[in-house]
Asker: 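Starting off with a structure, shown below.
Counting starts at 1 for both ligands and their atoms, in listed order.
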Amino acid sequence: MCGIVGAVGLEDCSETLLDSLKRLEYRGYDSSGVVTQDGDSFQMRRAVGKLKNLSQLMHESPLNGRSGLGHTRWATHGGVSERNAHPHIAGDKVVIVHNGIIENHSVLRAELEAEGHKFASETDSEVLAHLFLAAFNEGLSPRDAGVRVLSMIEGTFALAAMHIDHPDMMIVARNASPLAIGIGDGSGFVGSDAVALAHLTRNVIYLKDNDLAIVRPDGVEVFDIEGTPVNREVVIVAASQGMVDKGGYRHFMEKEIHEQPDAIAHTLAAMTDSQGLLATPIPRDELAAIDGIVMLAAGTSHYAAMVARYWIENLARVPVTCEIASEYRYRNPVTSAYSCAVAISQSGESLDTLMAMRHAGEAGLRTVGLVNVAGSTIAREADLVMPTRAGPEIGVASTKAFTAQLTALICFAAALAEAKGEITPERRDEIHRQIQKLPSLVGKSLGLFDEIRPVAHELTSARSALYLGRDVLFPVAMEGALKLKELSYIHAEGFASGEMKHGPIALIEEGLPVVALLAADEVMGKAASNLQEASARGARIILVTEERAAGTVDFADSVIKVPDVDPLLAPLLLSVPMQILAYLTAYEKGTDVDQPRNLAKSVTVE
Ligand code: F6R
């Protein structure tokens, strides 16, 4: 996914670039680098590993210069090494940083090598540096060089380039990967998102796909792919400056787990109208006309979609299909059965989800973006935006964004059901009242840390774990398993409890941890029987349940209880102890909780 930054027109840009990179480290943390233009040469520092390694290097060996670029990498093409770290310099004249994938890089590289260009890395990105070099060597202007390069590359990109003979100038361009240009006072900036620039300026231009811009200290010129000048609005962003603060917690994830009561309350406020009634940003007549919904999302957001399917079909009797975004657009889906596509994304930048939403939009579906980051690409491109108000989520594993998504989705389900006449306004208001209890119920569940610690301690020695849930708790089980595997690297899978006997039960052996979700709902008895089958075969049952359902499984080895809750909202409340279990297990194992290996927060490659 990678994060890119750039600055022109500063007294000394290196610290500024480093500060911006710190705000983007969530995008990738395999390696990083900064380049500055110092007189007639580029000075570069690159380091493998976390940004602190680069920071230390730059402390020992500082860089000077008014303008420069920076990059934090999530490796795609080429292993994690210093030579594959960005920036990439070509011919001592051009330097680039890039986020995305240049799909035709092999062909371009072969052509460039045949012309005598010498490559220093295995990355796809380096071709950009050589393409710019070739264009400048032909005497093209920065704009024309940009147009030339864009006409040659295929794939996704947010890029910034500098040329040694054009000091204080950056060429920037994007296609599908996010990019924000910041306008300073006698300075100009670029970043993968506005948060990277929040300490520098609030005046931001978001480029459209295939836009090209020339950024100088005295202003920004934007062109389309042909090089024709175009106007792009300057927007004032309200990016939080306080986002890089752990607020006294050990990890962002721990802080974000604790922020859930607020995240839920703020999201609920966004789904409540001026009369205090449950409402959505979708006009009521449009809601009433929805006759089929396709949900598009990835990872944790996809599990939120799967929970919502149960809610929407149950309450509103509207058919819902949940699609893994990366699968959707390439399998030629039949779209005529649905009138509305809901793209769910914390970041609003997951490329798979963005592309799937575009695909649905092109097929004529009304698109709704359920996003946490205002101003993100999905938020800007969706026909309508349904916001979650979880605040910045920095820990790579999603926690508060997930419960905020569920909050928005249960509100959506109830409002849709009422608009379609499937439930009465009184029932909608009753659901609203129950949702209002969630911040306090989640707050109480946060007191479970001490109780869960010994369970987590035992889990650290496991090589594998199963998560089981039935009905609406099935996707919650998959989300629980995802949290455990991505944070603690313990293999974990979520299954529908009733499906165990059709195969997965073969995995059960003496002592295998089975995290079992149980609520006081219609399928409680059947779910308990499925657990009995697992226990009888030696599984160690870790029951995660409501107070009132706990007695149903009296053979559990450990029991983690949340307060009783309306059955509709059990998926949301039961998610919290699972987050705590995964967090504490990872903490005890000593893994990197906020930045687990191989992952990145915002996945802007396909
Ligand atoms: C897991 C996690 C990921 C994201 C997924 C989609 O904890 O955070 O699975 O949910 O990459 O990201 P967004 O929601 O930003 O589109």
Asker: Answer yes or no: is there an ion pair linking K483 with E479, defined by an N-O contact shorter than 4.0 Å?
Answerer: yes

Asker: R540: what forms a side chain to side chain donor-acceptor pair (under 3.5 Å) with it, not counting sequence neighbours?
Answerer: E458

Asker: Does a side-chain heavy-atom distance below 4.5 Å link N314 with V472?
Answerer: no

Asker: Check ring-ring contact (aromatic ring centres under 6.0 Å, His included) between H457 and all other residues, then give those that pass, not counting sequence neighbours.
Answerer: none

Asker: Please enumerate all residues that pass side-chain contact (heavy atoms from CB on, under 4.5 Å) together with A481, with sequence neighbours excluded.
Answerer: Y467, A492

Asker: Contacts table for ligand 1: protein N or O within a distance under 3.5 Å of ligand N or O, distances only.
Answerer:
{"from": "ligand 1", "atom 1": "7 (O)", "to": "T300", "atom 2": "OG1", "distance (Å)": "3.3"}
{"from": "ligand 1", "atom 1": "7 (O)", "to": "S398", "atom 2": "N", "distance (Å)": "2.9"}
{"from": "ligand 1", "atom 1": "7 (O)", "to": "K483", "atom 2": "NZ", "distance (Å)": "2.9"}
{"from": "ligand 1", "atom 1": "7 (O)", "to": "E486", "atom 2": "OE1", "distance (Å)": "3.3"}
{"from": "ligand 1", "atom 1": "7 (O)", "to": "E486", "atom 2": "OE2", "distance (Å)": "2.5"}
{"from": "ligand 1", "atom 1": "8 (O)", "to": "V396", "atom 2": "O", "distance (Å)": "3.3"}
{"from": "ligand 1", "atom 1": "8 (O)", "to": "S398", "atom 2": "N", "distance (Å)": "3.3"}
{"from": "ligand 1", "atom 1": "9 (O)", "to": "T300", "atom 2": "N", "distance (Å)": "3.2"}
{"from": "ligand 1", "atom 1": "10 (O)", "to": "T300", "atom 2": "N", "distance (Å)": "3.1"}
{"from": "ligand 1", "atom 1": "12 (O)", "to": "S350", "atom 2": "OG", "distance (Å)": "3.4"}
{"from": "ligand 1", "atom 1": "14 (O)", "to": "S301", "atom 2": "OG", "distance (Å)": "2.6"}
{"from": "ligand 1", "atom 1": "14 (O)", "to": "Q346", "atom 2": "N", "distance (Å)": "2.7"}
{"from": "ligand 1", "atom 1": "15 (O)", "to": "S345", "atom 2": "OG", "distance (Å)": "3.4"}
{"from": "ligand 1", "atom 1": "15 (O)", "to": "Q346", "atom 2": "N", "distance (Å)": "3.4"}
{"from": "ligand 1", "atom 1": "15 (O)", "to": "S347", "atom 2": "N", "distance (Å)": "2.8"}
{"from": "ligand 1", "atom 1": "15 (O)", "to": "S347", "atom 2": "OG", "distance (Å)": "2.6"}
{"from": "ligand 1", "atom 1": "16 (O)", "to": "S345", "atom 2": "OG", "distance (Å)": "2.6"}
{"from": "ligand 1", "atom 1": "16 (O)", "to": "S350", "atom 2": "OG", "distance (Å)": "2.5"}

Asker: N372 vs T388, test: side chain to side chain donor-acceptor pair (under 3.5 Å). Steps then yes/no.
Answerer: CA-CA 5 Å; N372 194 44; T388 50; 3.0 Å; yes

